[in-house]
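Just so it is clear, the structure is predicted and the values come from calculations on it, not from any experiment. Below, chains carry the letters A, B, ... as their sequence lines are ordered, and counting in each starts from 1.
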Amino acid sequence: MKLFVCIDDTDNYDSIGTGELLENMMGEAAIKGLAKAGFTVRYQLFIHDDIPYTSHNSSMCCAAETNDRETFTEFCQKYLEENSAEGSDPGLCILTDDSSLDYSALIEFGKRAQCKVLTKEEAYKAAKEFGNGLHLSEHGGTGGGIIGALAGAALRAGKEEGRIKGKIQPLPNKPDWTTSEFASVFGVQRFIDEDGNEITDNLSIRFVHPTKLLYSKGLITGVIINENGQLMPKPKIKKNKEKKQ
Amino acid sequence: MTDWIKENGKAVFAGGKGSFEDAARVASQCSCFSEDCEDELVCDDAISCYNCRYRRWTATSFECMKR
Ligand code: SF4
């Protein structure tokens with residue numbers, strides 16, 4: 001069975017981040033033979049004084065496959081209770097990944113969480129309306145993390161755009177690539193330019209700076225930029241030219 | 001120029017989100033700087049308030065949780 005697994009509000013200023021905790025949790029689940037995880041997508045949620053996030057209010061969601069959903073869910077709940085940071089408000093959402101399901105109301109909730117302050121009551125209402133196939137639970141503190149956890153899982157189910165956790169490093173002694181080589185080595189399914197236009201040609205690119213991939217239109221997406229006439233995967237950070245929030 | 005504005009008892013960075021040089025200068029003089037996790041880094045200055053785990057983004061800037 002395929003799932004989306006999302007956790008939120010598991011950290012404090014001195015702990016590991018929620019993305020790292022999710023990866024650790026999924027790593028342990030894999031060792032126990034409970035589930036296999038896919039890549040993790042980061043979704044930016046609303047930045048507002050009334051929302052008790054630590055530093056950035058982002059939510060992390062990974063895809064997973066399990067043969068025993070019940071045991072896997074119990075494992076995640078226990079893991080969060082034992083490993084979330086002191087003073088955090090952890091929430092867990094496990095959502096069935098099935099293209100025959102109608103996620104539209106959930107996606108609406110996820111999109112609202114990116115531009116509005118939402119309440120736990122609204123999260124429970126959206127979860128209840130979705131019905132079977134959705135687990136939502138609180139694991140300490142105020143439990144307010146269920147809002148971001150549900151939003152992250154919903155946005156992922158809706159194939160909404162987010163950044164894939166982690167970065168891709170250039171390979172030593174190989175600066176020159178084609179986009180088709182790059183796609184096959186790093187699992188990229190689609191390329192776009194900085195304005196979001198699809199790139200279908202097999203381009204020559206120079207890959208010398210770490211880059212990050214996007215999850216966009218449901219595909220692992222690389223962004224190619226033109227830097228003074230040189231095509232390259234967009235460097236992970238472009239100093240002084242952009243900001244994230 | 002002062003780097004911080006006091007808002008409801010919170011220290012908010014006066015430079016907003018685009019003052020990379022000031023954010024690097026402030027962090028270089030701060031003993032509390034600690035790099036945030038990789039996915040939350042926003043500029044390539046090794047030491048910058050913008051990359052510090054103790055900055056809390058607001059709509060227009062960030063507040064420092066150590067001030
Ligand atoms: S955000 Fe605060 S703690 Fe971090 S470097 Fe800047 S002044 Fe220091």
Side-chain angles (χ1 to χ4, degrees), chain A residues 10-24 39-62 85 87 115-117 162-169 209-214 234-245, chain B:
Chain A
T10 66
D11 60 349
N12 64 29
Y13 284 100
D14 297 305
S15 71
I16 60 168
T18 296
E20 198 177 335
L21 191 82
L22 177 63
E23 285 186 346
N24 292 349
F39 58 88
T40 296
V41 180
R42 174 195 186 277
Y43 287 105
Q44 181 64 55
L45 303 179
F46 192 37
I47 296 282
H48 191 281
D49 259 5
D50 292 347
I51 300 175
Y53 55 88
T54 44
S55 66
H56 31 71
N57 201 25
S58 59
S59 172
M60 295 281 189
C61 181
C62 73
C115 58
K116 271 193 150 147
V117 180
R163 283 207 323 253
I164 294 177
K165 182 173 172 1
K167 61 183 170 186
I168 297 181
Q169 294 282 9
H209 301 296
T211 187
K212 290 183 84 75
L213 300 174
L214 290 182
K234 186 177 178 180
K236 181 174 124 30
I237 289 166
K238 278 171 72 189
K239 185 185 180 183
N240 298 7
K241 288 191 180 165
E242 65 178 1
K243 39 192 193 294
K244 193 176 52 176
Q245 312 286 329
Chain B
M1 187 198 108
T2 171
D3 290 313
W4 304 98
I5 301 164
K6 280 280 175 193
E7 277 177 18
N8 305 322
K10 297 169 183 168
V12 177
F13 184 56
K17 295 186 177 183
S19 299
F20 292 85
E21 281 173 19
D22 288 336
R25 174 181 49 77
V26 171
S28 71
Q29 295 161 359
C30 175
S31 59
C32 296
F33 172 80
S34 174
E35 191 178 85
D36 203 353
C37 50
E38 189 269 321
D39 279 280
E40 304 301 338
L41 304 182
V42 299
C43 69
D44 61 4
D45 291 305
I47 296 177
S48 167
C49 289
Y50 290 151
N51 288 344
C52 177
R53 62 165 61 212
Y54 299 115
R55 53 96 177 90
R56 183 180 194 268
W57 293 113
T58 65
T60 55
S61 183
F62 69 86
E63 62 182 277
C64 172
M65 306 310 287
K66 288 285 184 184
R67 286 184 180 255

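- Using a 4.5 Å cut-off between heavy atoms, A/D14 touches chain B through backbone and side chain atoms alike.
- The structure places CD1 of A/I47 at 7.5 Å from CZ of B/R56, a figure rounded to the nearest 0.5 Å.
- With a 4.5 angstrom heavy-atom cutoff, B/D36 touches chain A only via side-chain atoms.
- Both tests do not hold together for B/R55 against B/Y50: distance to the six-membered ring centre under 6.0 Å, angle to the ring axis within 45°.
- Of the atoms belonging to A/K167, heavy atoms from both backbone and side chain fall under 4.5 Å from chain B.
- For A/F46, the side chain to side chain contact (heavy atoms under 4.5 Å, CB included) partners two or more places apart in sequence, or in a different chain, are A/H48, A/I51, A/V117.
- In this view, A/Y13 satisfies the ring pair (Phe, Tyr, Trp, His ring centres under 6.0 Å) rule with no residue, not counting sequence neighbours.
- For chain B, no part of A/T40 is nearby; none of its heavy atoms comes within less than 4.5 Å.
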